[in-house]
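Each residue takes its place number in the sequence, starting with 1. Heavy-atom basis, side chains included; hydrogens, waters and symmetry copies ignored.
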Amino acid sequence: MAFEALIRIMAALNDVHLSLLELAELKKAALIQNDVEALTQIVTKENKWIKQIGELDADRVEAICQFMIEKNFKPNKRVTVSDLTKIIFDAEDKKKLIEAQRQ
């Protein structure tokens with residue numbers, strides 16, 4: 001089901017963003033220490049994570065479109081997670097989606 005896929009994708013996006021935050025701390029330390037080699041490695045890792053975010057975001061858009069099709073709505077790539085919370089009536093699903101969005 002597209003809803004479960006959407007929740008998994010949003011969790012993966014959260015994980016990637018947390019990894020970027022960790023890299024930001026390492027980058028700050030590398031800058032303070034003027035460690036160019038470490039900085040280069042961090043920037044390379046950041047670029048990989050940023051690419052992954054782009055891929056996951058495309059997956060998120062696709063999952064939203066699939067969810068809308070399943071619910072007999074016209075798919076629209078501009079629909080956001082906030083928009084979805086308005087058309088989900090199952091309390092448990094709505095709670096999961098809001099929590100995933102909050103994270």
Side-chain angles (χ1 to χ4, degrees):
M1 182 177 191
F3 182 76
E4 284 82 18
L6 177 60
I7 297 298
R8 282 191 307 274
I9 292 165
M10 290 178 69
L13 277 166
N14 186 51
D15 292 343
V16 171
H17 280 94
L18 290 174
S19 295
L20 279 172
L21 285 172
E22 290 173 13
L23 282 177
E25 289 299 318
L26 294 173
K27 190 176 189 180
K28 179 180 174 182
L31 285 168
I32 290 170
Q33 296 171 3
N34 199 25
D35 187 347
V36 177
E37 186 176 321
L39 189 58
T40 302
Q41 291 173 356
I42 292 167
V43 170
T44 300
K45 288 178 185 177
E46 280 179 332
N47 288 334
K48 289 178 185 177
W49 286 124
I50 291 168
K51 181 180 177 190
Q52 177 136 19
I53 287 173
E55 292 168 358
L56 286 168
D57 196 52
D59 292 345
R60 180 192 57 82
V61 170
E62 182 60 32
I64 288 173
C65 287
Q66 287 302 316
F67 177 79
M68 293 186 68
I69 289 169
E70 288 175 7
K71 297 297 181 185
N72 296 320
F73 288 98
K74 182 179 175 186
N76 182 343
K77 293 185 181 213
R78 291 187 170 173
V79 171
T80 65
V81 172
S82 294
D83 295 334
L84 281 187
T85 62
K86 296 172 187 169
I87 64 171
I88 294 178
F89 299 109
D90 181 271
E92 188 63 32
D93 286 349
K94 186 177 268 194
K95 182 179 174 182
K96 285 180 189 177
L97 186 61
I98 290 171
E99 180 60 25
Q101 180 185 31
R102 185 193 63 75
Q103 289 181 353

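Linking Ile, Leu, Val, Met, Phe, Trp and Tyr whenever their side-chain heavy atoms come within less than 4.5 Å leaves V43 and L20 in two separate clusters. In terms of hydrophobic clustering, with Ile, Leu, Val, Met, Phe, Trp and Tyr side chains grouped at heavy-atom distances under 4.5 Å, W49 and L39 are assigned to different clusters. Hydrophobic clustering (side-chain heavy atoms under 4.5 Å, transitive across Ile, Leu, Val, Met, Phe, Trp, Tyr) keeps M10 apart from V61. In terms of hydrophobic clustering, with Ile, Leu, Val, Met, Phe, Trp and Tyr side chains grouped at heavy-atom distances under 4.5 Å, I53 and I42 are assigned to a common cluster. Hydrophobic clustering, with ILVMFWY side chains joined whenever heavy atoms are under 4.5 angstrom apart, keeps V81 apart from V16.
When only modelled atom types and interatomic distance are considered, Q66 and E62 share a side-chain donor-acceptor pair under 3.5 Å. Side-chain atoms of T80 and D83 include a donor-acceptor pair closer than 3.5 Å.
Distance check: I9 CD1 to R60 CZ gives 9.0 Å after rounding to the nearest 0.5 Å. We find the NZ-CD1 distance between K95 and I88 to be 14.5 Å, quoted to the nearest 0.5 Å. Taken from NE2 in H17 to CG in L21, the straight-line distance is 8.5 Å, to the nearest 0.5 Å. Q52 CD to I50 CD1: the interatomic distance, rounded to the nearest 0.5 Å, is 12.0 Å. Considering CG of N14 and CG of L56, their distance stands at 11.0 Å, rounded to 0.5 Å. One distance of note links CD of Q101 with CG of L6; it measures 10.0 Å at 0.5 Å rounding.
Counting heavy atoms from C-beta on, the side chains of I87 and V79 never come closer than 4.5 Å. Here the side chains of F3 and L84 are not in contact, with every heavy-atom distance at 4.5 Å or above.
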- Between E99 and K96, does a salt bridge (charged side-chain N to carboxylate O under 4.0 Å, His left out) hold up when you go through it step by step? CA-CA 5 Å; E99 180 60 25; K96 285 180 189 177; over 6 Å; no
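Put simply, the side chain of K94 never gets that close to the backbone of F89: no donor and acceptor are under 3.5 Å apart. Judged by distance alone, with hydrogens and angles left aside, the side-chain atoms of E70 form a donor-acceptor pair with the main-chain N or O of A2 at under 3.5 Å.
Other residues, nucleotides and ligands place no more than 12 heavy atoms under 6.0 Å from the NZ atom of K45.
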